[in-house]
Structure formats: structure tokens, C-alpha cells
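These notes concern the structure reproduced below.
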Amino acid sequence: MRTQVAIVGGGPSGLLLSHLLHRNGIDTIVLERKTKEYVLSRIRAGVLETGFVDLMREAKVADRMDKECMIHDGTVISYGNSQFRIDFKELTGSHVVVYGQTEVTRDLYEARDAMDGKIVFNTEGVTIHDADTVTPYVTYNVSGAEHRIDCDFVAGCDGFHGVSRNTIPLSVRREYEKLYPFGWLGILSETPPVHDELIYSGSDRGFALCSMRNQNLSRYYIQCPLSDTPSDWTDAAFWQELKRRIPEEFAEKLISGPSIEKSIAPLRSFVTEPMRWGRLFLCGDAAHIVPPTGAKGLNTAASDVHYLNNGLLQFYQEGNSEGIDRYSEKALARIWKAERFSWAATKLLHNFPDQNAFDLKIQQADVDFLSDNREARSVFAQNYVGLPY
Ligand code: RFL
Ligand code: PHB
């Protein structure tokens, strides 16, 4: 088989890149290790920057999102006994969009199917060959039969545990990592959200987040030890702990119900550099991870897709390789700012096991400064709604 761009990974990055390229007449094949149903069962991001929404519109896959999404003009931050609101609209003139990653991925799969996009599921042993030459190729197995795709470029959109990143030799690759000594236990429940905006809450019992997917689907998280497993937490224990970590006025009106999904995600900051090696380009979680506190993971994946799509279009349509040559530099410049924001937001609101009385006073002072200072709120808001591409 031959294609122009072989895409490893059928998550949001791979699907969006494939669809944008296809709409411009560039042929792609997407290789996905799991089934479509499995990819759609993963509950992840919920908050989208307007840059992401614009990209979905450019790909002509935003109709359902435009109809069903919720626009959020601000968010509530609470810490101890005090709370305040960060008004995105007033501070930046912009907003974020609440629409689940599951729905984004579903819309992308439907759009790919409608255009007869080539997606191969259940691939095993995907291996990228000769990425440092102009004739790369990818091999893989499906049901025991080996296949080969010759291509011009390979896009590594296969997430943090994929194979693409490790194809880049260690002599070229530099990795930066920070692990956090806790995870997020998340549940999804068919209950109305406790508030019409998200609530990020720091408390002496640990962090909590009240989020949502729609008027009857809520997503809640609490910080938990890394040694916990979802089965350690009954629904009742989760609700009780959540209520103890959020302001009383919300705890009193929170409607609980059975969880329909429960999972724990460890928190990590990670960046690999460079994001390009020869004809292989890394996109999204394959190249970088942020702790979810800033809601930046999927949004940084989208900015990578934007830069790579533009670079590849420039290459194929104008014969100009400047965009792909500068891909890694442009993508990383934006990513490090999202890494900084996600790390700072995590530090602001979580309990760290080694925090002493001094650290707690500094955390309180950081929260107070944010609450009292318009410029500080403006900086937070600019980062939250998304820095320009
Ligand atoms: P994905 O989604 O991991 O998709 C990668 C795909 O590649 C496949 N794959 C392979 N395929 C073939 N061969 C191989 N060897 C392969 N290895 C892997 C996988 O099966 C998978 O289908 O990466 P992608 O596309 O880069 O998308 C990234 C986002 O999923 C991620 O950044 C976000 O979910 C992060 N995130 C959030 N991001 C936001 O922007 N806003 C949020 O509100 C937000 N909330 C979150 C989050 C992530 C969370 N978790 C669970 C980590 C909340 C949570 C709890
Ligand atoms: C979510 O709704 O899943 C969500 C929202 C905001 C975050 C992280 C996750 O910062």
C-alpha cells in the first residue's frame, strides 16, 4: 500500500490531522491499535479552547458541537473558605467550550467514514522504518497478516504509550519530565451539574473539580493517592469526599447518583524534544503530557495538528518545506507555555505530601494574589482560554 501521510494513532490528534489533510486532497491512512468502540469509551477532556473549535470548523466537523456545546465565560476557584470567579469574557473577550473528547472523536470518526477515510483498527506491532530518509515506511500486523505502507511522511499521533516517540534515537531525543505524587479519581454520573461553570477547589483534604458534559451529565474529580484504585472508592465514599472539598453552598445542593464511569489518572508533566526526526512528526500526547488542571492536553494536541497540517499543505501545494522544517520549534514554543500554566495551576490547588507550613502560606498567598489582582486574573484567563497559535 502507498499513501502520502501514514498516521499512527486514531485518537483525536490522528483523526483531526487525517481529516484536515484529506479535505485538501492529501491521502492518509490511520493505524489504530484498538477498536473504534474502545477509543470512544475513554472519558477524557471536556474543555476546548476556541482555537480547537476553529480547527474543527475548518475541518467542517463542528456542526453538532456548535449545536450541543456549552459556552463558559468564566470559572470558579475556591480555596479553603473563600471563593472567587475568573471572568474570561471580561478579561480576555473570549471563552472556552465544554464538549467532551468522546463527542469530538465520535464526530471525527463519522466525518472520516463519510469521506471513506482509511482507518485500520486492531493493528499490532506498528513499526516505523527509515524515518530519517525521504522514503519512510510503516509495517504492522492485523489478525496475524503483515502489511506495509510506503509513504512520504509519518505522523506519530499514538499518545504517551505509543511507538512513534521511541522511534527517534536516544542520541537525538531529550525528555523532560515531572511526576506528581498523586492522581485524579474521576467519575461520570447522569446527574445535573452542581453549577453552571466549572469549580476548581483547593482544600485541606486535597483538590476537587466539578465539571460537566451536558445538562444531565456531570464529571467530578478528586485528588487521590497514587496507590488508590477505583475499586477502593464506592460511589458513596466519592460523593462524601467531594462534598468535603468544595464550598458548602455547592456541597449542599450537589445532586449525587450512581457513577457510570470511574477511573484514576496519574498526573505527569512531560515534553520530548525535538518533535520531528527526518520525516517523522510527533503530535499530541505522543510528544507531551500536562497534568489536567489547566485543561490543556487535547488543546495542545490541536495546536500541533494546526502547525503540522499547515506545514504539510505548504509542502504539497507550494513545494515549500519551511512549515515542516519549523514544525518542532513552533509547536514547542506554545507547548512549554501550556506546560508552565498546567504546572502552576496544579501547584496552586493541590495538597503535596511534603508541603510544610511555609509552603501552605505561600500557596494561600498565591491564591490571594490571583483573587485580588486583576492582572493576575487576566494572565490566568489568557492561559485558560488558550494562547494564540
Ligand atoms: P490519545 O487520545 O492518547 O490517542 C492516541 C491513540 O493512539 C493509539 N495507539 C496506537 N495506535 C497504533 N499503534 C500503536 N502502537 C499505538 N499506541 C497507541 C491509542 O489507542 C489511541 O487511540 O492521544 P491524542 O490523540 O494526542 O489526544 C490527546 C488527548 O487524548 C489528551 O491530551 C487529553 O485527553 C488530556 N485531557 C484534557 N485535555 C484538554 O485539553 N482538556 C481537558 O479538559 C482534559 N481533561 C485529559 C483530561 C486527560 C485525562 N486523562 C485520563 C489522562 C482529563 C483526564 C482525566
Ligand atoms: C473534564 O471535564 O474532564 C475536565 C475539565 C477541566 C479540567 C480537566 C478535566 O481542567
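Position 1 is the first residue of the sequence, and the numbers go up from there. Counting starts at 1 for both ligands and their atoms, following the listed order.
- Between the choices Arg268, Gln101, Lys34, Arg219, the shortest heavy-atom distance to atom 29 (C) of ligand 1 belongs to Gln101.
- Using modelled atom types and a 3.5 Å distance limit, the side chains of Ser189 and Thr191 yield a donor-acceptor pair.
- Checked options Tyr180, Trp184, Tyr221; the residue passing with Phe207 is Trp184 (criterion: ring-ring contact (aromatic ring centres under 6.0 Å, His included)).
- With a 4.0 Å heavy-atom cut-off, ligand 1 is reached by the side chain of Tyr221 but not by its N, CA, C or O.
- Grouped with Met115 in a hydrophobic cluster is no other residue, since no side-chain heavy-atom contact under 4.5 Å to another Ile, Leu, Val, Met, Phe, Trp or Tyr is found.
- Under a 4.5 Å side-chain heavy-atom criterion applied to ILVMFWY residues, the cluster that includes Ile43 comprises Leu188, Leu217, Ile260 as well.
- Listed by atom number, the atoms of ligand 1 under 4.0 Å from Leu31 heavy atoms are 11 (N), 12 (C).
- Judged by distance alone, with hydrogens and angles left aside, the side-chain atoms of Thr135 form no donor-acceptor pair with the main-chain N or O of Thr133 at under 3.5 Å.
- The single protein non-hydrogen atom nearest to atom 11 (N) of ligand 1 is Arg33 N, 3.1 Å, given as residue, atom name and distance.
- Donor-acceptor pairing under 3.5 Å is recorded for the side chains of Ser18 and Arg112.
- Under the 3.5 Å distance criterion, the side-chain polar atoms of Asn141 are left unmatched by any main-chain donor or acceptor of Gly125.
- Among Thr293, Asp285, Asn122, the residue whose heavy atom lies closest to atom 32 (O) of ligand 1 is Asp285.
- For a heavy-atom separation below 4.0 Å, the residues in contact with ligand 2 are Arg44, Gly46, Val47, Trp184, Leu198, Tyr200, Leu209, Ser211, Arg213, Arg219, Tyr221, Pro292, Thr293, Ala295.
- Other residues sharing a hydrophobic cluster with Tyr220 under the 4.5 Å side-chain heavy-atom criterion for ILVMFWY residues are Val76, Leu185, Ile187, Val194, Ile199, Ile222, Trp233, Phe238, Trp239, Leu242, Ile246, Phe250, Leu254, Ile264.
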Task: Working for salt bridge (charged side-chain N to carboxylate O under 4.0 Å, His left out), residues Arg85 and Asp87 - done: CA-CA 6 Å; Arg85 178 170 183 266; Asp87 189 329; 3.2 Å; yes

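- Near Val163, the atoms of ligand 1 lying under 4.0 angstrom from a non-hydrogen atom of the residue are 15 (N).
- Only the backbone of Cys157 comes within 4.0 Å of ligand 1, judged by heavy-atom distances.
- Classified by interplanar angle (parallel below 30°, tilted 30° to 60°, perpendicular above 60°), the ring pair Tyr176/Trp336 is perpendicular.
- For ligand 1, the atoms lying closer than 4.0 Å to a non-hydrogen atom of Ala295 are 39 (C), 40 (O), 41 (N), 42 (C), 43 (O).
- Taking the six-membered ring for Trp and the full ring otherwise, the centers of Phe341 and Phe380 sit less than 6.0 Å from each other.
- Close N/O approach between Leu298 and ligand 1 is found [any backbone or side-chain N/O within under 3.5 Å].
- Compare Glu124, Arg44, Arg42, Glu32 by their heavy atoms: the one nearest to atom 48 (C) of ligand 1 is in Arg44.
- Protein heavy atom in closest approach to atom 4 (O) of ligand 1: Gly11 CA, 3.6 Å.
- Proximity of Gln4 to Leu312: side-chain heavy atoms (C-beta onward) are nowhere separated by under 4.5 Å.
- The protein non-hydrogen atom at the shortest distance from atom 43 (O) of ligand 1 is Gly46 N, 3.1 Å.
- Within a 6.0 Å sphere centred on NZ of Lys361, other residues, nucleotides and ligands contribute 12 heavy atoms or fewer.
- Remark: minimum distance from atom 36 (N) of ligand 1 to any protein heavy atom is reached at Ala45 CB, 3.8 Å.
- Heavy-atom contacts from other residues, nucleotides or ligands closer than 6.0 Å to CG of Asn81 number 12 or fewer.
- For ligand 1, the atoms sitting less than 4.0 Å from at least one non-hydrogen atom of Ser13 are 24 (P), 25 (O), 26 (O), 27 (O), numbered in the order shown with element in parentheses.
- Residue Val126 touches ligand 1 through its side chain alone, judged by heavy-atom distances below 4.0 Å.
- Between Phe281 and Tyr327, the distance separating the two ring centers is shorter than 6.0 angstrom.
- Using bins of under 30°, 30° to 60° and over 60° for the plane-to-plane angle, the ring pair Phe153/Tyr316 lands in the perpendicular bin.
- At the shortest separation from atom 50 (N) of ligand 1 among protein heavy atoms lies Ala265 CB, 4.1 Å.
- Side chain to side chain, Glu103 and Thr105 fail the donor-acceptor criterion of an N or O pair below 3.5 Å.
- Taking every heavy atom of Gly297 and a limit of under 4.0 angstrom, the matching atoms of ligand 1 come to 32 (O), 35 (C), 38 (N), 39 (C), 40 (O).
- Here Val39 has side-chain heavy atoms under 4.0 Å from ligand 1, and that is the only part of it that gets that close.
- Here Thr123 has side-chain heavy atoms under 4.0 Å from ligand 1, and that is the only part of it that gets that close.
- For the pair Phe160 and ligand 1, the shortest N or O to N or O distance does not fall below 3.5 Å.
- For atom 27 (O) of ligand 1, the candidate residues are Pro12, Gly284, Gly162; the nearest heavy-atom contact is made by Pro12.
- Side chain to side chain, Asp232 and Thr229 meet the donor-acceptor criterion of an N or O pair below 3.5 Å.
- Between His161 and ligand 1, no N or O atom pair is found at a separation short of 3.5 Å.
- Here is the list of ligand 1 atoms found below 4.0 Å of a heavy atom in Gly159: 3 (O), 5 (C), 23 (O).
- The nearest heavy-atom contact from the protein to atom 18 (C) of ligand 1 is Asp158 O, 3.1 Å.
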